[in-house]
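Only one structure is covered here, and it is reproduced in the block below.
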Amino acid sequence: MSARKIAAWHAAGLIDAETRDRLLAYEADHARPLALWAVSGIGALAIGLGLVSVIAANWEEIPGQLRLGVHLALIVAALGALFAREERLAQASPWAVEALVFVTAALGLTFFGHIGQVYQTSSPLWQPLGVWLALFAPLLLLMGRSWPAAMAVVGGAGWCAWEYATASTGWLAARDPGFAMRLWLAAVTAAPVLFAPLAAWQRARSARPDFWRRLEQLALAYAVGGGTLACGLASGGGYNGEASLLGMAAMALRGAVGVLAGLGVMLARPGISGRMAGAIIAGAGLVLPLAHALEDLTVPAAALFFALWAGIAAAALAAHWRGVFQLAVGVIAMRLIILSFELAGDLLASGFGLILSGFLILGVAWGAVRVSKTFAPRGESEA
């Protein structure tokens with residue numbers, strides 16, 4: 001907080017002179033030497049880039065086993081520092097532990113790529129990703145604190161699941177994957193949403209509630225992203241005409257996993273925030289089979305999209321999530337504009353049609369702003 005802002009508050013009568021002096025004294029005692037930190041960071045970055053440059057220039061001259069040995073030694077040293085010095089590091093700064101956890105996980109992920117480079121392996125990407133998750137996801141879950149750690153867990157799980165699904169369908173492209181295989185792939189790609197009930201359960205029981213909140217939010221985003229994408233694919237015929245019983249069963253299974261995850265969040269966090277988060281996840285799951293059934297039906301698929309995001313907006317209102325409500329209003333406005341283009345494709349080829357579309361865009365934008373200002377919760381509650 002700047003001294004100028006504190007002085008402005010005092011001049012406006014928001015704080016008295018005694019409070020102003022206490023604030024100024026507190027800020028002086030807790031001032032951070034940002035300039036010194038910045039210079040130190042630039043120096044450290046220069047040293048790091050220099051080391052990377054030297055190693056890169058001589059990469060092929062270094063024996064592969066030696067490189068792998070050094071890489072593995074760095075991982076072991078980082079793990080040893082975490083388990084031997086975690087409490088001391090946490091006392092100095094919790095973010096020191098977080099940084100070391102993330103660097104260790106990153107070293108582990110690059111190690112498998114390094115193995116592939118040295119030994120010229122041709123295994124599908126999901127295999128090293130799966131091994132990395134099995135080895136390092138527990139570390140991230142046990143010690144992670146920030147967005148990067150939570151993103152590594154949920155993002156890594158989603159990436160691995162979809163790489164596995166892509167590789168499996170590619171391998172089986174010459175024949176029908178079959179009912180059992182299609183259901184298995186549906187369950188695998190839906191699995192990352194199950195982090196939501198796990199995180200919701202841990203939020204009130206862990207010393208790192210912020211980490212578990214972020215993990216739950218990312219799992220919720222995965223569920224909403226899947227429902228939104230399903231509506232978009234249905235509107236544009238993205239399922240390639242596969243409105244079959246097999247495809248519907250796979251989407252229904254994905255939806256059932258989402259509904260179960262949503263119910264789990266509601267049970268783990270019975271307050272208004274937990275109920276609304278669980279309702280959003282369950283609603284996104286219900287959308288999946290419905291979207292599959294509406295393939296190539298532009299208006300019904302768009303209506304399903306609006307229903308999903310209107311439900312998110314309603315949940316945000318109930319839970320006082322101002323940012324989520326504003327996001328939902330913006331997404332609905334954008335989809336309205338896209339729908340107008342989809343329905344008036346021929347009209348847009350004329351100048352008159354472009355004028356009408358311009359007025360429509362302005363009207364939708366104005367309406368979105370008015371709705372957001374009028375109905376958005378005044379305060380932001382924790383999701």
Side-chain angles (χ1 to χ4, degrees), residues 150 153-155 157-162 164-165 179 182-201 203 212-213 215-235 238-239 242-270 272-295 297 300-316 318-319 321 324 327-328 331-332 335 383:
V153 175
V154 179
W159 187 10
C160 181
W162 284 101
Y164 172 73
F179 189 77
R182 184 65 62 86
L183 292 183
W184 168 247
L185 294 179
V188 168
T189 52
V193 77
L194 295 175
F195 281 114
L198 170 65
W201 178 262
R203 280 177 64 167
W212 295 107
R213 175 171 58 86
L215 197 73
E216 181 187 333
Q217 289 171 344
L218 287 169
L220 184 149
Y222 184 85
V224 172
T228 302
L229 179 62
C231 293
L233 290 174
S235 180
Y239 293 112
E242 191 193 349
S244 63
L245 179 61
L246 182 60
M248 178 63 72
M251 293 300 284
L253 179 58
R254 288 192 182 98
V257 173
V259 171
L260 290 175
L263 293 175
V265 172
M266 293 180 189
L267 292 174
R269 293 203 299 125
I272 184 64
S273 176
R275 294 201 304 271
M276 292 302 101
I280 290 174
I281 295 172
L286 290 173
V287 160
L288 295 177
L290 295 175
H292 192 276
L294 297 175
E295 184 186 11
L297 300 175
L304 185 62
F305 180 99
F306 294 139
L308 170 63
W309 280 94
I312 294 173
W321 300 334
V324 175
L327 173 65
V331 170
I332 291 173
R335 186 65 182 94

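Only heavy atoms go into these numbers, but all of them, side chains included; no hydrogens, no water, no symmetry mates.
Under the side-chain hydrogen bond (donor to acceptor under 3.5 Å, both in side chains) criterion, Trp212 pairs with Ser206, not counting sequence neighbours. Partners of Arg335 by salt bridge (charged side-chain N to carboxylate O under 4.0 Å, His left out), not counting sequence neighbours, listed by chain and number: Glu342. With sequence neighbours excluded, the residues satisfying side chain to side chain contact (heavy atoms under 4.5 Å, CB included) with Val153 are Leu140, Leu141, Phe195, Leu215. Partners of Ala200 according to the side chain to side chain contact (heavy atoms under 4.5 Å, CB included) rule, which considers only residues two or more places apart in sequence or in another chain, are Glu216, Val265, Ala268, Arg269.
Closest approach of Met276 and Ala319 over heavy atoms only: CG-CB, 4.0 Å. Nearest heavy atom pair, residue Val224 against residue Leu308, reads O-CD2, 4.5 Å. Shortest non-hydrogen contact noted between Phe306 and Ile332 is CE2-O, 3.8 Å. Pairing each heavy atom of Cys231 with each of Ala301, the nearest pair is O-CB, 4.0 Å.
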Per-pair distances, 0.1 Å, donor-acceptor, side chain in residues 246-262, under 3.5 Å, sequence neighbours excluded:
{"unit_1": "Arg254", "atom_1": "NE", "unit_2": "Thr189", "atom_2": "OG1", "d": "2.9"}
{"unit_1": "Arg254", "atom_1": "NH2", "unit_2": "Thr189", "atom_2": "OG1", "d": "3.4"}

Only pairs under 3.5 Å count here: list side-chain donor-acceptor contacts from residues 281-291, not counting sequence neighbours, and write none if there are none.
none

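To the nearest 0.5 Å, atom CG of residue Leu327 and atom CH2 of residue Trp309 are 4.5 Å apart. Distance check: Arg275 CZ to Met266 CE gives 9.0 Å after rounding to the nearest 0.5 Å.
Within the 4.5 Å cutoff, the side chain of Val188 has heavy atoms near those of the Trp184 side chain. With contacts defined as side-chain heavy-atom distances shorter than 4.5 Å, the pair Trp321/Ser273 qualifies. Considering only heavy atoms from C-beta on, Val331 comes within 4.5 Å of Phe305 through its side chain.
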